Amino acid sequence: MSDMPDRRGAMRDPFAPEGLIFTPVSAGLIKVRLISVAVWLGLPLVVLIVLAVLFPGWWWSIPIGVLVLLVAWLGWLVPRQVRSVGYAEREEDLLIRKGILFRQLTVVPYGRMQYVDVQAGPLDRWANVAKVQLHTASAQTDASIPGLPPEEASRLRDRLSERGESRLAGL
């Protein structure tokens, strides 16, 4: 139904349902992801630089250049990816949207939720963010919302648990 043309004949966007406002995640998630990129790609970069100093040659500039370009590209991409993540609560379900090039819209019915987790590692706590993990009756449909402020993550956990229990009671 969402891929049906509207009155003007234009196709509706299946990733932006009409009348629905998505709540964005915290910008603190950008810090967490950029630090992760720096750790995972910074270490190989340091090793390559040390090897280039110990064994001089022009060929070291190629892998070093590739890693520097990759770090720069991810420095540009990560903030855009984080800004694309959002969620919206409807009467019967929760929608989670993410992605820039490969977009994804996950709809989780409250009645299918079994339990809701809130998770935060040391880096997440430093950046004041947490992740809400939704567990459903089917393992393939589990969903998560990363980068929420801890207060919002706690509020959302309680609200989703309450809505899930009320939907299950009605079965």
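Values below: all heavy atoms of this structure, side chains included; hydrogens, waters and symmetry mates excluded. As the structure is a computational prediction, the values presented were derived from the model and not from experiment.
One finds no salt bridge joining R159 and E162 here, because no Lys/Arg side-chain nitrogen approaches an Asp/Glu carboxylate oxygen to under 4.0 Å.
Closest heavy-atom contact between W60 and F55: NE1-O, 2.6 Å. Taking all atoms of both residues into account, the shortest heavy-atom contact from Y110 to E91 is CE1-O, 3.5 Å. Smallest separation of non-hydrogen atoms from I96 and A143: CD1-CB, 3.6 Å. Of all non-hydrogen atoms in A88 and L94, the two that sit nearest each other are O-CD1, 3.4 Å. Residues P150 and A130 come closest through the heavy atom pair CA-CB, 4.4 Å. Smallest separation of non-hydrogen atoms from Q133 and Q119: CB-NE2, 3.9 Å.
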Run the side chain to side chain contact (heavy atoms under 4.5 Å, CB included) test on R90 and L20 for me, step by step, so that the C-alpha distance in whole Å, both residues' side-chain angles and the decisive distance to 0.1 Å come before the verdict.
CA-CA 8 Å; R90 292 195 301 192; L20 202 56; 3.8 Å; yes
Side chain to side chain contact (heavy atoms under 4.5 Å, CB included) between L95 and T106: does it pass, once the steps are laid out?
CA-CA 6 Å; L95 285 78; T106 305; over 6 Å; no
Please step through side chain to side chain contact (heavy atoms under 4.5 Å, CB included) for the pair V116 and H135, ending with a clear verdict.
CA-CA 6 Å; V116 182; H135 299 276; over 6 Å; no
Take V82 and V25 through the test side chain to side chain contact (heavy atoms under 4.5 Å, CB included) and record every step on the way to the result.
CA-CA 7 Å; V82 169; V25 297; 3.9 Å; yes
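Clustering ILVMFWY residues whenever any of their side-chain heavy atoms sit less than 4.5 angstrom apart, transitively, puts V50 in the very cluster that holds L41. When hydrophobic clusters are built by joining Ile, Leu, Val, Met, Phe, Trp and Tyr residues whose side-chain heavy atoms come closer than 4.5 Å, directly or via intermediates, V46 is not grouped with L69. Tracing side-chain contacts under 4.5 Å through hydrophobic residues (I, L, V, M, F, W, Y), one never reaches V68 starting from V53; they form parts of separate clusters. By the criterion of side-chain heavy atoms lying less than 4.5 angstrom apart, applied directly or through intervening Ile, Leu, Val, Met, Phe, Trp or Tyr residues, Y115 is not grouped with M113; the two fall into different hydrophobic clusters. Under a hydrophobic clustering in which Ile, Leu, Val, Met, Phe, Trp and Tyr are joined whenever their side-chain heavy atoms come within less than 4.5 Å, directly or via other members, L101 and L77 fall into different clusters.
Put simply, CG on L160 and CG on D93 are 11.0 Å apart, with the number rounded to the nearest 0.5 Å. In this structure, CZ in R80 is found 12.0 Å from CD1 in I30, a value given to the nearest 0.5 Å. Y87 contributes atom OH, which lies 13.5 Å from atom NZ of K98 (distance to the nearest 0.5 angstrom). Between the CH2 atom in W40 and the CG atom in L45 there is a gap of 15.5 Å [rounded to 0.5 Å]. Considering CG of L43 and CG of L67, their distance stands at 10.5 Å, rounded to 0.5 Å. Rounding to the nearest 0.5 angstrom, the gap separating the CD1 atom in I145 from the CG atom in L134 is 5.5 Å.
Under the 3.5 Å distance criterion, with hydrogens and angles disregarded, a donor-acceptor pair is assigned to the side chains of S154 and R157.
Counting heavy-atom neighbours within 6.0 Å of I100 CD1, excluding the residue itself, gives a total above 12.
Looking at F22 and V85, their side chains never come closer than 4.5 Å, going by heavy atoms from C-beta outward. Between R163 and E89, the closest side-chain pair of non-hydrogen atoms falls below 4.5 Å. Residues D117 and V132 have side chains not in contact (no heavy-atom distance under 4.5 Å, counting atoms from C-beta outward). Residues L156 and L148 are in side-chain contact: their nearest non-hydrogen atoms beyond the backbone lie under 4.5 Å apart.
Side-chain atoms of R97 do not come within 3.5 Å of backbone N or O of L105 as any donor-acceptor pair. No side-chain donor-acceptor contact under 3.5 Å links S144 to the backbone of P146. Using modelled atom types, one side-chain atom of S84 and one backbone atom of Q81 make a donor-acceptor pair closer than 3.5 Å.
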